[in-house]
Trainee: 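Here's a structure for you.
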Protein chains: 2
Amino acid sequence: MTAPILSTKTTALERKTATARVVALLRDQILSGALPEGLQLRQEKLAAELGVSRVPIREALHQLEAEGLVLQESHKGAVVSGLSIDDLEETYEIRARLETWLLELSIPLLGPQHYARAEELLVRMAVDREDEAWSSQNWNFHAALYTPANRPQTLELVRKLYLNAYRHFPLPIRLTGGRDRMNREHQLLLDLCRQGDIERAKDHLEQHILMGARHLINRLKALRRQGKSAT
Amino acid sequence: MTAPILSTKTTALERKTATARVVALLRDQILSGALPEGLQLRQEKLAAELGVSRVPIREALHQLEAEGLVLQESHKGAVVSGLSIDDLEETYEIRARLETWLLELSIPLLGPQHYARAEELLVRMAVDREDEAWSSQNWNFHAALYTPANRPQTLELVRKLYLNAYRHFPLPIRLTGGRDRMNREHQLLLDLCRQGDIERAKDHLEQHILMGARHLINRLKALRRQGKSAT
DNA sequence: GATGTCATTATTGTATCCAATCATTGTCGG
DNA sequence: CCGACAATGATTGGATACAATAATGACATC
């Protein structure tokens, strides 16, 4: 663990600053669940592990705090922040509002190239057995449908909500409710878009999102009753 | 300008850290337009003016960057970021989506105390001639209607969008379209809520928000044609 | 006169050192 | 035995010093 985790390769086009690298690394680790919620982030420990001084660490922590991934209290250090079940549910509700809107704007603008891209992603998701890749392609599928709406801020906002909701949950939990069900729903959504049935497509997308939230939350609650403490 | 701008009073309950004070100050100055868009923020200059070293300045800038208020490029410093007209319009659209949803959730839960609070704010807004206060009370009025929905993350998100949209615009511009019109629309909105007419209330609120955006954008475009450069 | 190169300078990025604050523990008095 | 209080250690916050990088301008060359 004392080896240089941060890629220090100044070779290519990307000559990032140390702070930026620390931010990127910690963000990945938090969103992937490698750094569990509630974990104390000691500046000196991180500095030693990452091979930099404490200054970039501190600047990175402030940045992550502004992003909502860590919480800091004066002179008491930083901890990885978590989402309560209420927060989690609200996150999905916001996604439902914004994504249905994006879809509504997109549908009239979707062309053959968009459908081809979406179908390709669906095939990959049906084949690929790796959960991590599936999750990422799941987002790519959704994003592909929203891109024509040309609302970059909204898309970025929704992306953050998506990632933030998924973090911390061990992979087996994420796909509760069945990837098969999700795949079928995706296919149906795509068909509704092709038919130009905006209203039904919106309804279906809303159900798709909110149902995913419900399954996830139920599983989480069950886990907590078992005392396994996943949040 | 060399005087200590940062309130260094460690007296009261608020013993904030220097970084936090710098963040708060810079955020205020940016959102209020005191620091115009595109302005270069020199670390040493800020440090001297605020009476702290460069370290808190740097940490503050990183935090503001994560909030989207400044942009940083490696070894080139920070500049106050701005909103394009497209960004501005999208901001209002997002608000329209989320605020109508919050209102929908709230209406069945609004009680006498909420209406009393809202009416009080309306009276103050009708009387108060100070633009700055009006703007803040305008938000308070909206927020009062959304509070019962009990969606804290959404409310905070919308608040940030509201503030971010208003920044940089000199006060006389903000209230284009007439405060009287705004006040009438607020009163109508309140009446529709009282009647429990969710659909009409939502429609009216959406028009209220989007119309405000349109007026603002038209004025901005006119200003730019004059070369006054307000964005 | 234009252009490319190199030195200079201004500015940012990082490391090290010092100060301030919080948690813990041990001691004293009841 | 227990609670208040002081000393100590651990950890964060801030300032200074140094290194790295990008902008500027002078100079030489074509």
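Numbered from 1 within each chain, the chains take letters A, B, ... in sequence-line order.
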Trainee: When the distance from CD of A/Glu73 to P of D/dT11 is rounded to whole Å, what number comes out?
Mentor: 17 Å

Trainee: Where the side chain of B/Thr17 is defined as all heavy atoms beyond and including C-beta, which of D/dG14, C/dT16, C/dG13 is the nearest nucleotide?
Mentor: D/dG14

Trainee: Only one of B/Gln29, B/Arg27, B/Arg21 passes side-chain contact (heavy atoms from CB on, under 4.5 Å) with B/Leu25; say which it is.
Mentor: B/Gln29

Trainee: Find the distance B/Gln72:CD to C/dG13:C1' and express it as a whole number of Å.
Mentor: 11 Å

Trainee: Under 4.0 Å: is that the gap between some side-chain N or O of B/Arg58 and OP1 or OP2 of C/dG13?
Mentor: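 The answer is yes; a side-chain N or O of B/Arg58 sits under 4.0 Å from OP1 or OP2.
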
Trainee: Side chain of B/Glu44: nearest nucleotide among D/dT12, C/dT12, D/dA15?
Mentor: C/dT12

Trainee: Is the phosphate of D/dT11, meaning OP1 or OP2, less than 4.0 Å from a side-chain N or O of A/Lys76?
Mentor: no

Trainee: Contact between A/Leu31 and A/Leu69 at the side-chain level, heavy atoms closer than 4.5 Å - yes or no?
Mentor: yes

Trainee: Both A/Pro56 and A/His75 contact DNA chain C. Taking the nearest nucleotide for each, which residue is further toward the 5' end?
Mentor: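 Result of the comparison: A/Pro56.
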
Trainee: Between atom CG in A/Leu46 and atom C1' in C/dT14, what is the gap in whole Å?
Mentor: 17 Å

Trainee: Restricting both atoms to N or O, compile the protein contacts to nucleotides 5-10 of chain D shorter than 3.5 Å, with distance only.
Mentor:
none

Trainee: Are B/Thr91 and B/Asn164 packed together at the side-chain level, in the sense that at least one heavy-atom pair is separated by less than 4.5 angstrom?
Mentor: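 Not in contact.
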
Trainee: Hey, does the side-chain of B/Arg54 have a donor or acceptor N/O within less than 3.5 Å of a partner on the base of C/dG13?
Mentor: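 For B/Arg54, whose side chain was compared with the base of C/dG13, there is a donor-acceptor pair (under 3.5 Å).
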
Trainee: Within the 4.0 Å heavy-atom criterion, would you say B/Ile57 contacts the bases, only the backbone, or no part of the nucleic acid?
Mentor: nothing

Trainee: Roughly, in whole Å, what's the span from CG in B/Leu50 to P in D/dG14?
Mentor: 13 Å

Trainee: When we call it a touch if two heavy atoms are under 4.0 Å apart, what does A/Arg42 touch: a base, just sugar-phosphate, or nothing?
Mentor: sugar-phosphate

Trainee: Please state how far atom NZ in B/Lys45 lies from atom C1' in C/dT11, giving the value in whole angstrom units.
Mentor: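 From B/Lys45 NZ to C/dT11 C1': 14 Å.
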
Trainee: Closest approach to the side chain of A/Ala18, judged atom by atom: which nucleotide of D/dA15, C/dT21, C/dT14 is it?
Mentor: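 Output: C/dT14.
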
Trainee: What pairs with A/Leu105 under side chain to side chain contact (heavy atoms under 4.5 Å, CB included), at least two apart in sequence or on another chain?
Mentor: A/Trp101, A/Ala149, A/Arg151

Trainee: Under 4.0 Å between any heavy atoms, over every strand shown, what does A/Leu41 touch: base, sugar-phosphate, or nothing? Just pick one.
Mentor: sugar-phosphate

Trainee: So, do A/Val23 and A/Leu64 sit near enough that their side-chain heavy atoms are less than 4.5 Å apart?
Mentor: yes

Trainee: Roughly how far, to the nearest 0.5 Å, is the CG atom of A/Leu161 from the CG atom of A/Leu98?
Mentor: 7.5 Å

Trainee: Among the candidates C/dT14, C/dG13, D/dT12, find the nucleotide nearest to the side-chain atoms of A/Gln43.
Mentor: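 Selected nucleotide (nearest to the side chain): D/dT12.
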
Trainee: Look at the side-chain N and O atoms of A/Thr19 and state whether any lies under 4.0 Å from the OP1 or OP2 oxygen of C/dT14.
Mentor: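 True: A/Thr19 side-chain N/O within range (under 4.0 Å) of C/dT14 OP1/OP2.
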
Trainee: Residues two or more places apart in sequence or in another chain: which of them pass salt bridge (Lys or Arg N to Asp or Glu O under 4.0 Å) with A/Glu90?
Mentor: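 Counting only residues at least two positions away or on another chain, A/Glu90 forms no salt bridge (Lys or Arg N to Asp or Glu O under 4.0 Å).
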
